[in-house]
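One structure is given here, and the rest of the page talks about it.
Only a predicted model underlies this, so the values are computations on that prediction, with no experimental measurement involved.
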Amino acid sequence: MKSIIRSAVSLVLVLVFLSSAFADDSFLNESPQDRDQRMQWWRNDRFGMFIHWGLYSVPAGEWKGGTGHAEWIRTTAKIPRDEYDKFRDQFNPVKFDAEQWVKMAKNAGMKYIVITSKHHDGFCLWDSKVTDFDIVDGTPFKRDILRELTDACEKYGIKMCLYHSIMDWHHPDYLPRRGWEDWSAQGADFDRYVKYMKTQLKEIITAYNPGILWFDGEWENTWTHERGLDLYNYVRSLKPDIIINNRADKGRQGMQGMTREGQFAGDYGTPEQEIPATGIPGVDWESCMTMNGYWGWNKTDKNFKSSTDLIRKLVDIASKGGNFLLNIGPKPDGTFPQESIDRLEQIGKWMNVYSDSIYGTTASPFERLPWGRCTKKQQGGKTLLYLHVFDWPANNRLLVPGLKNKIDSAHLLDGNVSIKFDTVENGITLHVPGEPKNIVDTVIILQISEPLKVEKVLPTQDENGVVSLSVAETKIHNDKNTNLHVRVETKNGHENIGFWTDYKNTVSWQFKIRTSGSFNIKADMASISDSRFSVSLNKKSFDAGADSTGGYERFKVQQLCQTSLLTPGDYTLEIVPDKDKWAPINIRSITIEPAK
């Protein structure tokens, strides 16, 4: 029966293509009000689960003795198509329980799930009418994964969403072929492949009503901007209120994920494995990130991020106005790795208490806070500022720099304990309890009735004349022509500037000097090699360098350089790599001390 249906479907493929090949571009020109209404649930929910699952889970990252593979294993291990297809006979996830998966997401505070309907290998997790390369026809399991997950999501109030790869290594009409493959492209027709893809998209949109279509694999040269516009409009014509990421088109700027200027289709940016250095006003974005090193299941990969790190990443992202899509790579038997389960439980415990500081919030009004982050919410004509305190003050005084409003009240979100406060010259000082309620992130709520007023306050000298500059005050300047981006990472519970592999990228801090003098500039840093660079102070350069500490996690305070006389005023300190002598360094903090 299915072959008869498939034959009938093939007869209408041309009609499907013709009806969409010249799709109306009106969906790109919707009013701001209509767009806001369509995006509202996504902006409110903030936190979702990504799931990468398919045939690639069977080899579990291993092929012929190599263990550095996962969802890309067919390409990274150069497995011929016919040999890869044999994994279908071994894919029998008898322990799969859709309700259990959805409940784990819900208990962790996640509001939506995005699962791979089809990854780059072309294997489908639903009963497609146009291919046998799917879960129902091709495996012993013979159950529709997407149907069961959709039903479970509806039962537990989770939004069902779908990832779908534009790239397809299995379909005979997809081009280009892998360079290593001995598989002739003769007779291949990419237009025919696009018709096939659109037919599958119509199947999954009609059957599962996804809230999001999360495209991927758009970077190959066969996929063009024109095809991206057409795809976006075609999907919106099937479901006008659906949300589509920016990987449907060609506007994404590498792993940074934001859409470059131009009329590119896509409703939000997709930073991958990184978080933007600052919020981006008026731009929707979502950081997608793995719990460990790979998206798909790799049995040897135990490099899992800590629960503390993941919770703080969620807070950091929300404080910059973004969403967090956190990935799970299930095992071939249908279960989640225990390490993932443990982390979901820990995140859920925090969210059970503090989720109000995440859901429905917008970006922080503060440029940076040295002790943590802030999220904001408008409620009943009042502004709520949720102060996320990562580093509890030893003196029980927490300065909220630059806040010039009269505070109605301040209290702990956990237990509603009132907090006393004072207005000081450079903001508001909160008299916090001796110990934090939660060592990962304690949340304090400030309630304000009047229009919010926040002034920028630069770090300045303490009573000893020392300026301390943390990662929180850093500005990262990544070169637009490279995908090797500097970003903030967490090692052993401490944030640091890392991934600084390209000499064209720089970092800077702004600060204020009140007392004239010469200063030693020091850094708490780590590296595996000696490195040379310049330290620029208001465009005046000083030759500087750092010695190897023996590893990227072995931090040591080193003097970088000594300045000449600085007079009172505002300064920008920028570290500029030496093109020929630069070696990557990680930095936790900068200290500017009076020279003895």
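Without hydrogens or angle criteria, Glu181 side chain to Arg178 main chain gives a donor-acceptor distance under 3.5 Å. In this structure, the side chain of Arg312 engages the main chain of Phe390 through a donor-acceptor pair within 3.5 Å. Side chain of Lys376 to main chain of Pro365: no donor-acceptor pair is present (N/O by atom type, distance under 3.5 Å, no hydrogens or angles). Using a distance-only test at 3.5 Å, with no hydrogens or angles considered, no donor-acceptor pair links the side chain of Lys377 to the main chain of Gly360. A side-chain donor-acceptor contact under 3.5 Å links Lys305 to the backbone of Thr290.
A salt bridge does not link Asp241 with Arg38: none of the charged nitrogens is closer than 4.0 Å to a carboxylate oxygen. A salt bridge links Arg227 with Asp191: at least one charged nitrogen is closer than 4.0 Å to a carboxylate oxygen. Using a cut-off of 4.0 Å between Lys/Arg side-chain N and Asp/Glu carboxylate O, Arg487 and Glu495 are scored as not salt-bridged. Between Arg343 and Asp309, no side-chain nitrogen of the basic residue sits less than 4.0 Å from a carboxylate oxygen of the acidic one, so the salt-bridge criterion is not met. Between Glu203 and Lys129 no salt bridge is recorded (no basic side-chain N to carboxylate O distance below 4.0 Å). Between Glu218 and Lys250 there is no salt bridge, since no side-chain N of the basic residue sits under 4.0 Å from a carboxylate O of the acidic one. Note on Arg373 versus Asp441: no salt bridge recorded, every NZ/NE/NH1/NH2 to OD/OE distance being 4.0 Å or above. Using a 4.0 Å cut-off between charged nitrogen and carboxylate oxygen, Asp127 and Arg147 do not count as a salt-bridge pair.
In this structure, Phe264 and His225 have perpendicular ring planes: the angle between them is above 60°, well past the 30° mark. By the 30° and 60° cut-offs, the orientation of the rings of His171 relative to Tyr196 is tilted.
Residue pairs meeting the side-chain hydrogen bond (donor to acceptor under 3.5 Å, both in side chains) criterion with at least one partner in residues 45-57, sequence neighbours excluded, are Arg46-Asn323, His52-Asn327. Sorted by first and then second residue, the side-chain hydrogen bond (donor to acceptor under 3.5 Å, both in side chains) pairs involving residues 349-364 (not counting sequence neighbours) form an empty list.
Because its NZ or CZ atom is not both nearer than 6.0 Å to the ring centre of Trp214 and within 45° of the ring axis, Arg247 does not count as a cation-pi partner of that residue. A cation-pi arrangement, defined by a distance under 6.0 Å to the six-membered ring centre and an angle within 45 degrees of its axis, is absent between Lys313 and Phe324.
In this structure, Lys155 and Glu99 have side chains that are in contact, with non-hydrogen atoms separated by less than 4.5 Å. No side-chain heavy atom of Leu125 sits under 4.5 Å from any side-chain heavy atom of Lys118. Side-chain contact between Asp267 and Asn245 is absent, with no heavy atoms from C-beta onward closer than 4.5 Å. Here the side chains of Glu345 and Asn107 are not in contact, with every heavy-atom distance at 4.5 Å or above. Side-chain contact between Thr116 and Asp216 is absent, with no heavy atoms from C-beta onward closer than 4.5 Å. Pro330 is listed as a side-chain neighbour of Ile51, based on a closest heavy-atom distance under 4.5 Å.
Aromatic rings of Tyr174 and Trp169 (six-membered ring for Trp) have centroids beyond the 6.0 Å cut-off, not under it.
For Lys95, the NZ atom sits in a loose shell: 12 or fewer heavy atoms of surrounding residues, nucleotides or ligands are nearer than 6.0 Å.
Remark: of the listed residues Asp284, Asp249, Asn246, Asn246 is the sole one forming a side chain to side chain donor-acceptor pair (under 3.5 Å) with Thr259.
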